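Read the structure below first, then the notes.
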Amino acid sequence: MAAQKINEALEHVAKAEKYLKTGFLKWKPDYDSAATEYGKAGVAFKNAKQFDQAKDAYLREAEAHANNRALFHAAKAYEQAGMMLKEMQKLPEAVQLIEKASMMYLENGTPDTAAIALERAGKLIESMNPEKAVQLYQQTASVFENEERLRQAVELLGKASRLLVRGRRLDEAALSIQKEKNIYKEIENYATCYKKTIAQVLVHLHRHDYVAAERCVRESYSIPGFSESEDCAALEQLLEGYDNQDQDQVSYVCNLPLFKYMDNDYAKLALSLAVPGGGTKKKSPVTTQDKAGGPAAIGSHAEEEDDEYSGGLC
């Protein structure tokens, strides 16, 4: 079966080369017909699992379409060549071709298709090169934003933000989350704005920037419903504990379901948050008595701490 497909592919390549030849009675190559034959050759090679030859056939198809100024079809062929490189586990080279395809889609005036191609490239490279994936997701978000497709744009920004957090690029992550939050506010998705405020605060506290974290909460009071939300109450408790260097209070808040069930990258930030000078993180003070007492347990714990040091540190 494979041998039959390879022979079929080679026949299409031969036909394509014939279409490209010029002579006394044929002054111009027939790029359109050649591209069609190269495309058929690519499919046949792919079915025979000859991915390297399939990639070459698709590249020739792309070149023929480009010579014919058929940019959309050229871009599609570059994408196909990129997918053959993916099958060969040559991911950086695959991403380069898909990026080239996306630029052609933009030039052709089809930005949606360009954005989809960039997102596909980001997914391919994410595990191998997260920095490149961030760049691709941000590019994709920009394309969607220019087209006023804000929901798609913010989804891609979210992917970029999580990768930045995972890579501990926290300064960039803080800016990326702020951009997400601005878009969610614009489309009036206020509940998600609250969650993004939690993510912001966690990032800023891991950056050891209490002032920026407090400012995020203060600025969020302008978002409808935030000041009455459980998110706001939890963040105020968190900031209070952090400011008082009370690791037990910080740990208690960070173990609330509100924090534990966030996206995994932010949940990890919560669980690993330590107050300055707090040393090793204490166990969460959610004992049987605390559970019975509920949130008020935080207040009673704080009073015990005050009593302990009421006679002075010395």
Side-chain angles (χ1 to χ4, degrees), residues 2-125 129 132-133 135-144 146-147 149:
Q4 182 184 343
K5 286 293 178 184
I6 291 170
N7 288 333
E8 180 186 329
L10 292 173
E11 286 175 14
H12 287 302
V13 169
K15 287 180 182 178
E17 290 172 351
K18 190 174 180 181
Y19 281 124
L20 291 176
K21 285 181 181 177
T22 57
F24 183 71
L25 297 175
K26 185 187 172 190
W27 295 354
K28 187 179 177 182
D30 184 351
Y31 291 119
D32 188 43
S33 298
T36 300
E37 293 299 330
Y38 280 132
K40 290 177 180 177
V43 171
F45 279 131
K46 180 172 70 173
N47 290 338
K49 299 196 181 301
Q50 301 299 306
F51 300 121
D52 194 30
Q53 289 171 285
K55 179 246 325 176
D56 289 340
Y58 285 127
L59 287 176
R60 290 181 188 178
E61 179 192 2
E63 186 181 350
H65 279 308
N67 285 328
N68 208 34
R69 298 301 299 163
L71 296 182
F72 183 86
H73 295 297
K76 277 289 182 192
Y78 278 124
E79 265 200 277
Q80 286 297 323
M83 297 315 287
M84 295 305 98
L85 285 165
K86 176 208 165 192
E87 295 291 341
M88 296 159 65
Q89 298 302 308
K90 295 182 177 180
L91 297 183
E93 295 93 329
V95 167
Q96 283 182 353
L97 285 182
I98 296 172
E99 279 189 280
K100 186 171 184 175
S102 73
M103 294 304 105
M104 280 189 157
Y105 287 132
L106 285 174
E107 191 179 346
N108 183 65
T110 48
D112 284 2
T113 316
I116 291 166
L118 286 171
E119 183 180 2
R120 185 178 294 125
K123 286 178 181 175
L124 283 182
I125 204 72
N129 188 346
K132 181 65 177 176
Q135 178 197 327
L136 290 165
Y137 289 145
Q138 288 173 337
Q139 280 181 257
T140 311
S142 294
V143 173
F144 278 132
N146 289 338
E147 294 300 301
R149 295 181 60 179

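Remember, it's a predicted structure, so these values are computed and weren't measured experimentally.
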Residue pairs fulfilling side-chain hydrogen bond (donor to acceptor under 3.5 Å, both in side chains) with at least one residue in residues 110-119, sequence neighbours excluded: Asp112-Arg149, Glu119-Lys159
Flag side-chain contact, heavy atom, 4.5 Å: Leu136 against Val95: yes
In a table with atom names and distances, give each donor-acceptor pair under 3.5 Å that connects a side chain of residues 6-24 to protein atoms at least two apart or in another chain.
residue	atom	partner	partner atom	Å
Asn7	ND2	Ala3	O	3.3
His12	ND1	Glu37	OE1	2.7

Working for salt bridge (charged side-chain N to carboxylate O under 4.0 Å, His left out), residues Lys86 and Glu79: CA-CA 10 Å; Lys86 176 208 165 192; Glu79 265 200 277; over 6 Å; no
Residues, nucleotides or ligands: over 12 heavy atoms within 6.0 Å of Glu63 CD: no
CD/Glu87: more than 12 non-hydrogen atoms of other groups inside 6.0 Å: yes
Taking all atoms of both residues into account, what is the closest heavy-atom pair of [X] and [Y], and its distance?
X	Y	result
Ser102	Ala114	O-CB, 3.4 Å
Ala66	Ala74	N-CB, 3.9 Å
Gly122	Ala133	O-CB, 3.7 Å
Ala75	Ala101	O-CB, 3.3 Å

Taking atom [atom1] of [X] and atom [atom2] of [Y], what is their separation to the nearest 0.5 Å?
X	Y	atom1	atom2	value
Asn108	Arg69	CG	CZ	9.5 Å
Leu97	Leu85	CG	CG	5.5 Å
Asn68	Lys28	CG	NZ	7.0 Å
Ser142	Leu118	OG	CG	10.0 Å
Asp32	Asn67	CG	CG	12.0 Å
Ile98	Gln80	CD1	CD	9.5 Å

Intermediate values then yes/no, side-chain contact (heavy atoms from CB on, under 4.5 Å), Lys90 and Met84: CA-CA 9 Å; Lys90 295 182 177 180; Met84 295 305 98; over 6 Å; no
side-chain hydrogen bond (donor to acceptor under 3.5 Å, both in side chains) partners for Gln139, two or more places apart: Gln135
Partner set under side-chain hydrogen bond (donor to acceptor under 3.5 Å, both in side chains) for Lys40, not counting sequence neighbours: none
Selection residues 32-65 - residue pairs positive for ring-ring contact (aromatic ring centres under 6.0 Å, His included), sequence neighbours left out: His65-His73
Within residues 89-111 or reaching into it, pairs that qualify as ring-ring contact (aromatic ring centres under 6.0 Å, His included) - sequence neighbours excluded: Phe72-Tyr105
Check against side-chain contact (heavy atoms from CB on, under 4.5 Å), Glu99 and Lys132: CA-CA 11 Å; Glu99 279 189 280; Lys132 181 65 177 176; 3.0 Å; yes
